[in-house]
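Here is the structure we will look at.
So you know, we letter chains A, B, ... as the sequences are listed, proteins then strands, and number each from 1. All figures in this text were calculated on a predicted structure; none of them were measured in a lab.
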Protein chains: 2
Amino acid sequence: MNILIIGGGGFIGQKLARRLAARATLRGQEISGLTLADIAAPDAPEAPFDIATTACDITDRTAIDSLMAPGFDAIFLLAAVVSSHAEAEFEDGMKVNLHGALNVLEAARLQGRAPVLVFTSSLAVFGGEVPDPIRDWTIPNPQTSYGTQKAIGELLVNDYSRRGFVDGRTLRLPTISVRPGKPNRAASSFMSSIIREPLSRQEAVCPVDPDFEHYYLSPRLCVENLIRGAEIEAADLGQSRTMIMPGQRLSIRQMIEAMTAVAGPEPAKLIRFEDDPAIRDIVSGWRFDYDPAKALALGLEADDSFEDNVRHYLQDDRPA
Amino acid sequence: MNILIIGGGGFIGQKLARRLAARATLRGQEISGLTLADIAAPDAPEAPFDIATTACDITDRTAIDSLMAPGFDAIFLLAAVVSSHAEAEFEDGMKVNLHGALNVLEAARLQGRAPVLVFTSSLAVFGGEVPDPIRDWTIPNPQTSYGTQKAIGELLVNDYSRRGFVDGRTLRLPTISVRPGKPNRAASSFMSSIIREPLSRQEAVCPVDPDFEHYYLSPRLCVENLIRGAEIEAADLGQSRTMIMPGQRLSIRQMIEAMTAVAGPEPAKLIRFEDDPAIRDIVSGWRFDYDPAKALALGLEADDSFEDNVRHYLQDDRPA
Ligand SMILES: NC(=O)c1ccc[n+]([C@@H]2O[C@H](COP(=O)([O-])OP(=O)(O)OC[C@H]3O[C@@H](n4cnc5c(N)ncnc54)[C@H](O)[C@@H]3O)[C@@H](O)[C@H]2O)c1
Ligand SMILES: NC(=O)c1ccc[n+]([C@@H]2O[C@H](COP(=O)([O-])OP(=O)(O)OC[C@H]3O[C@@H](n4cnc5c(N)ncnc54)[C@H](O)[C@@H]3O)[C@@H](O)[C@H]2O)c1
């Protein structure tokens with residue numbers, strides 16, 4: 001079982017690599033090798049099998065062809081420019097999220113090995129005039145360029161799978177929280193920082209009120225679900241390879257209460273509520289009511305409670 | 001009002017050109033010029049305004065850029081390779097239906113004029129496990145490469161419109177019948193030839209039984225609906241530019257009865273029912289129960305009865 005992670009230097013890619021190193025198997029087979037590719041050669045974890053790291057820009061078809069030349073049994077396609085970037089820089093988003101994904105699919109098609117391909121889509125494919133709850137079968141009506149590019153990726157993965165070019169599985173990720181590291185300029189940044197910063201005794205600003213609801217999953221369960229996604233039998237996927245990855249609908253208040261339950265009352269005092277109309281306008285358009293029936297039936301899971309997300313963060317990610 | 005029809009040499013493109021020539025206005029403005037572009041320079045109808053015809057391959061970005069350089073107020077993007085072709089020749093379909101459409105959208109974006117753009121999608125975007133009736137908001141789950149490529153075009157037209165690069169409208173066409181000319185290798189070919197051939201005193205073979213149902217529109221109403229599609233106010237389109245073009249659900253028996261009502265009992269005697277399992281397998285997977293609510297609300301129409309389709313064919317298309 002020779003595995004490739006494209007976008008292996010990113011937040012989820014790095015965690016997935018560590019988890020694969022710890023498991024040493026995928027789809028019931030021993031992992032013989034793992035290649036991590038990203039714009040710059042990523043870090044590699046310790047592992048009981050060969051790990052290669054390499055710089056590869058997925059917008060460069062020649063680079064993708066040579067990256068994939070050795071032949072892989074399973075590919076995780078995580079490389080993407082994120083929502084705010086794709087909205088601010090239309091051409092970057094089209095190049096990476098659309099043409100980059102097409103380059104990977106085309107390279108796989110021409111290799112003729114039909115690898116398992118796990119593609120990370122996003123709940124950002126949903127939007128516009130559709131009723132709650134959003135189901136696996138709700139029409140994607142993206143209201144961002146990022147969501148559009150992901151929805152196109154979903155369609156391509158379906159067709160390339162139907163034709164037998166790849167054995168694809170597309171998972172629409174919830175917002176992953178608690179994300180380690182620094183705040184970034186994404187509108188969703190506060191959804192991690194209001195937990196992460198206070199747990200490190202730093203102040204955090206929450207730009208929406210405590211009743212604001214959203215749909216979350218911990219990084220640990222996200223990685224677990226990507227692995228389970230790779231392990232589903234193709235025959236169990238039906239006539240679409242796409243599904244919502246399970247998450248939890250939570251208010252800011254519930255998240256803070258969970259942090260308090262795990263870490264005591266002090267961190268919550270470091271959160272300052274400060275209305276930010278620009279952020280509020282963006283995130284209040286986001287949807288939070290999802291029914292991930294297909295993934296649940298196929299064995300994917302959400303966290304039991306946000307207390308788990310907080311605990312996982314403390315165990316896996318909090319800076320020493 | 002300077003208009004461009006890409007795919008202007010095709011069946012619908014030619015009829016649309018003739019209709020625009022007869023109307024001489026679009027969106028309440030006089031038409032000042034019409035350009036018909038296709039792989040080979042198409043025929044031009046007589047018109048009270050300038051008509052140019054030109055050869056342009058939409059897979060060639062440079063050719064598209066120079067085609068669009070004069071600047072157009074309205075563009076009809078009809079060029080496509082059809083279903084059976086895109087399924088048999090995967091690369092052709094991707095090149096024309098996906099990259100060709102992208103070339104047109106990109107050229108429009110970089111021109112910065114935000115032209116009205118009417119894109120012809122297809123009911124082939126639907127398929128798989130979705131309930132009847134199929135509505136504007138049913139998830140596209142295409143089970144062909146053609147349907148996939150059209151569904152991607154829909155998403156792109158929506159995003160390019162949302163961003164103000166074009167003022168797009170996407171119409172999902174029913175099967176157009178009665179299509180003039182010769183039978184072709186499309187699985188749907190019999191849906192026109194069982195009417196067209198008998199009306200010219202020729203035999204026709206019907207490969208499915210008389211109860212077989214499908215969703216149809218006449219070429220005349222199709223062209224009328226494309227024009228109305230161009231005339232809808234952008235503000236009335238909501239958060240998606242896509243809609244099902246109205247048609248009629250009919251059985252083969254109803255179509256034949258309509259022909260008999262218009263043309264007497266002789267033509268029907270020239271239809272031979274001869275089961276063709278290959279064709280039956282393909283077309284029995286097609287859907288026929290649609291609710292085109294959005295287009296109806298916006299003033300698009302279906303034929304009143306299939307008798308109209310037969311009459312239009314006799315008036316507009318039957319060889320002398
Ligand atoms: N984290 C979330 O909350 C979330 C939510 C929904 C979807 N997703 C999706 O999950 C995937 C992984 O997300 P993440 O949080 O790890 O993002 P990330 O930004 O941390 O990682 C993405 C990686 O892709 C790489 N990349 C970007 N352009 C590239 C190119 N041209 N060639 C090669 N590599 C390139 C980046 O360098 C980065 O390392 C992405 O596809 C993302 O869209 C994430
Ligand atoms: N007729 C139907 O029943 C039907 C149903 C659903 C959708 N549609 C869609 O409506 C549109 C028009 O259909 P039609 O019946 O007139 O088809 P058609 O095949 O008669 O016309 C399509 C035209 O596109 C041109 N074309 C193909 N590749 C091209 C390229 N690379 N560059 C430039 N031109 C190219 C062809 O030469 C042809 O003249 C198409 O987009 C089709 O997919 C038609």
Side-chain angles (χ1 to χ4, degrees), chain A residues 86-91 93-95 97-99 101-102 105-106 109-110 124-131 134-165 170 237-244 285 293-294, chain B residues 86-91 93-95 97-99 101-102 105-106 109-110 124-131 134-165 170 237-244 285 293-294:
Chain A
E87 200 61 21
E89 303 292 339
F90 180 73
E91 293 183 357
M94 291 294 278
K95 259 201 230 158
N97 297 346
L98 194 162
H99 293 286
L102 254 173
L105 288 166
E106 279 291 282
R109 177 174 74 87
L110 294 171
V125 299
F126 297 113
E129 305 118 340
V130 291
I134 288 179
R135 303 178 192 278
D136 295 302
W137 291 109
T138 299
I139 188 172
N141 184 18
Q143 302 297 316
T144 59
S145 294
Y146 171 79
T148 301
Q149 291 146 12
K150 290 289 188 184
I152 291 171
E154 296 181 349
L155 285 163
L156 290 170
V157 168
N158 274 346
D159 199 46
Y160 277 67
S161 297
R162 188 186 61 80
R163 296 194 76 123
F165 302 148
T170 297
L237 285 161
Q239 288 183 291
S240 166
R241 301 302 185 111
T242 312
M243 68 196 82
I244 296 171
K294 183 169 180 173
Chain B
E87 198 62 21
E89 302 293 338
F90 181 73
E91 294 183 357
M94 292 293 279
K95 259 202 230 158
N97 297 346
L98 194 162
H99 294 286
L102 254 174
L105 288 166
E106 279 292 280
R109 178 173 73 88
L110 295 171
V125 298
F126 297 113
E129 304 117 341
V130 291
I134 288 179
R135 303 179 193 277
D136 295 301
W137 290 110
T138 299
I139 189 172
N141 184 17
Q143 302 298 316
T144 60
S145 294
Y146 171 79
T148 300
Q149 292 145 12
K150 290 289 188 184
I152 291 171
E154 295 180 350
L155 286 162
L156 290 170
V157 168
N158 274 345
D159 199 47
Y160 277 67
S161 298
R162 189 186 59 81
R163 296 194 75 123
F165 303 148
T170 297
L237 285 162
Q239 287 183 292
S240 166
R241 301 303 186 111
T242 313
M243 67 196 84
I244 296 171
K294 182 169 181 173

Indicate yes or no for a side-chain donor-acceptor contact from Gln239(B) to the backbone of Gln143(A) under 3.5 Å, with no hydrogens or angles considered. no

Arg162(A) and Ser145(B) side chains, donor-acceptor separation under 3.5 Å: yes

Working to the nearest 0.5 Å, report the span between CG of Asp136(A) and CD1 of Ile139(B). 8.5 Å

Kindly indicate whether the side chain of Pro142(A), heavy atoms from C-beta on, has any atom under 4.5 Å from the side chain of Leu155(B). yes

Let me confirm one number: the OG1-CD distance from Thr148(B) to Glu154(A), rounded to the nearest 0.5 Å. 12.0 Å

With chain A as the partner, which of Leu156(B), Leu98(B), Val130(B), Thr144(B) has the greatest number of non-hydrogen pairs under 4.5 Å? Thr144(B)

How long is the straight-line distance from CE of Met94(B) back to CG of Leu105(A), given to the nearest 0.5 Å? 8.0 Å

Given that the side chain runs from C-beta out, which part of Glu106(B) has a heavy atom under 4.5 Å from chain A: side chain, backbone, both or neither? side chain

Heavy-atom cut-off 4.5 Å, strictly under: side chain, backbone, both or neither for Ser240(B) against chain A? both

Under a 4.5 Å cut-off applied to non-hydrogen side-chain atoms, are Leu102(A) and His99(B) in contact? yes

Just do the side chain to side chain contact (heavy atoms under 4.5 Å, CB included) check on Asn158(B) and Asn141(A) with the steps written out, would you? CA-CA 9 Å; Asn158(B) 274 345; Asn141(A) 184 18; 4.2 Å; yes

